[in-house]
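Quick note: numbers below take in every heavy atom, side chains included, and nothing from hydrogens, waters or symmetry partners.
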Number of protein chains: 2
Amino acid sequence: MDKRELLIRTAFRLFYSHGIHAVGINSVLKESGVAKRTLYHHFESKEQLVEAVIQYRDAVFLEWMQKRLASVEAGEAGIRELFAALHDWFNDQVIELQAFNGCFFINSSAEYGDHDSPIHKACALHKEKVVQLIHRQVEASGVLAKKVDEVTGFIAMIKEGAIVTAHVQGDRDSALRGERLALAMLQLNRGHEPTA
Amino acid sequence: MDKRELLIRTAFRLFYSHGIHAVGINSVLKESGVAKRTLYHHFESKEQLVEAVIQYRDAVFLEWMQKRLASVEAGEAGIRELFAALHDWFNDQVIELQAFNGCFFINSSAEYGDHDSPIHKACALHKEKVVQLIHRQVEASGVLAKKVDEVTGFIAMIKEGAIVTAHVQGDRDSALRGERLALAMLQLNRGHEPTA
DNA sequence: CCTAAAGTAGACAGATCGGTCTACATGATA
DNA sequence: TATCATGTAGACCGATCTGTCTACTTTAGG
């Protein structure tokens, strides 16, 4: 495998389970079996490696989520699938996402709290992309047009709450609660076609 | 001031704005002007200092929140006050909580991901206490008795989502959105006394 | 065939990490 | 008066941090 890729994957695994500041460059090298010189050939600094790791996780997570959402009809079924996917993630049923340890972007934002930090910005950007995925589902869900943005914001917020609750509290069923809440919200903001 | 207290306050300020692993013991000493020997007189290790800092923040945050909730009638008004308080916090209107940088317990859980870590456990415990505060408000809100636990879980989840959204995305109005969502949920699960 | 990119091991530098230690000062209390 | 908790400054320890460097090897493409 490409050494650059190997470094990113190894770094992600270690950063995700122990935190970024808690993992030294030497651990990444030891774990991956790559020479230090090679790391600094591909990346100018640890910070640049971190940025590459964020970008990598962003791609992996979004591809996974998009695939899950594409497996059902857009709309309410998509919202159900969103929370079903989260539930699988929280319960370690998604191999490509690794053992659940919270959201890597929330965690990294915690370590790089400054909003001007490139790393924090990259985390915010990832979240925006996920919001867009949700937006498409809400648009197709029969929610009143003028309520679509509001409901999208609600569901995105519920999703973040479910992730945090699953991680901090260890509540592995928080996605199920999130689903019930989100569906109730959809119902409440729907036009009346589905009842006909 | 008590040196122990001074160390805890200084450590909190630094940990909260830069993360725990990113702040060395020497920074805490320099910033507080306390001798290293004194720190290790009061605390066996950095980890014990961290635990004391968590406990300190737990007390400060809960006292603040309890005072805010006590200022209004329990029930729906309490839920409104909860989100009003969060809104003030997110917008740096609460001096005793320091400039908003996310939730210290979520942030620390990110750095101490292992559920068996005493620090992670302490963070989970804090969240449980906050849930109890919410529970009391929901109980008094006219929500159907059998729905109280469910609605409490919803509102706690919304609260976490609002905090994360405010921090990661920099959305300073997320508490207002959270309030709208929470109130709609209350309404939906209410018995019919208030309409009479 | 030649060259340039990508790779190796690991010593090294300078800073900082958490934590220990000596030696001493102060102030309250038994 | 004697003692003990609390405090000071800062040298020192071994480990680890990010990042540089020398010297050499492998590999793929023009």
Atom pairs and distances, donor-acceptor, side-chain atoms in residues 54-61 of chain A, under 3.5 Å, two or more places apart:
| unit_1 | atom_1 | unit_2 | atom_2 | d |
| --- | --- | --- | --- | --- |
| A/Arg57 | NH1 | A/Leu97 | O | 3.1 |
| A/Arg57 | NH2 | A/Leu97 | O | 3.2 |
| A/Asp58 | OD1 | A/His126 | ND1 | 2.7 |
| A/Asp58 | OD2 | A/Lys129 | NZ | 2.7 |

Under 4.0 Å protein heavy-atom contact, by nucleotide of nucleotides 10-22 of chain D - B base, S sugar-phosphate only: B------SBBBBB
With sequence neighbours excluded, residues passing ring-ring contact (aromatic ring centres under 6.0 Å, His included) with B/Phe100: B/Trp89, B/Phe90
Nearest-angstrom distance from the residue atom NZ of B/Lys3 to P of D/dT6: 13 Å
Qualifying residues under ring-ring contact (aromatic ring centres under 6.0 Å, His included), relative to B/Phe12, sequence neighbours excluded: B/Tyr16, B/Phe104
Partners meeting side-chain contact (heavy atoms from CB on, under 4.5 Å) with A/Lys121 (sequence neighbours left out): none
Under the side-chain contact (heavy atoms from CB on, under 4.5 Å) test, residues paired with B/Ser45 that sit two or more places apart: B/Glu47, B/Gln48
Value in whole Å for how far the C1' atom of D/dT8 lies from CZ of B/Arg4: 20 Å
Spacing between A/Asp2 atom CG and C/dA6 atom C1', to the nearest angstrom: 10 Å
Distance in angstrom units between A/His41 NE2 and D/dT25 C1', rounded: 14 Å
Between C/dC17 (P) and B/His18 (NE2): distance, integer Å: 13 Å
Side-chain N or O of B/His42 closer than 4.0 Å to phosphate OP1/OP2 of D/dG7: yes
Centroid-centroid distance, B/Tyr112 to B/His21, less than 6.0 Å: yes
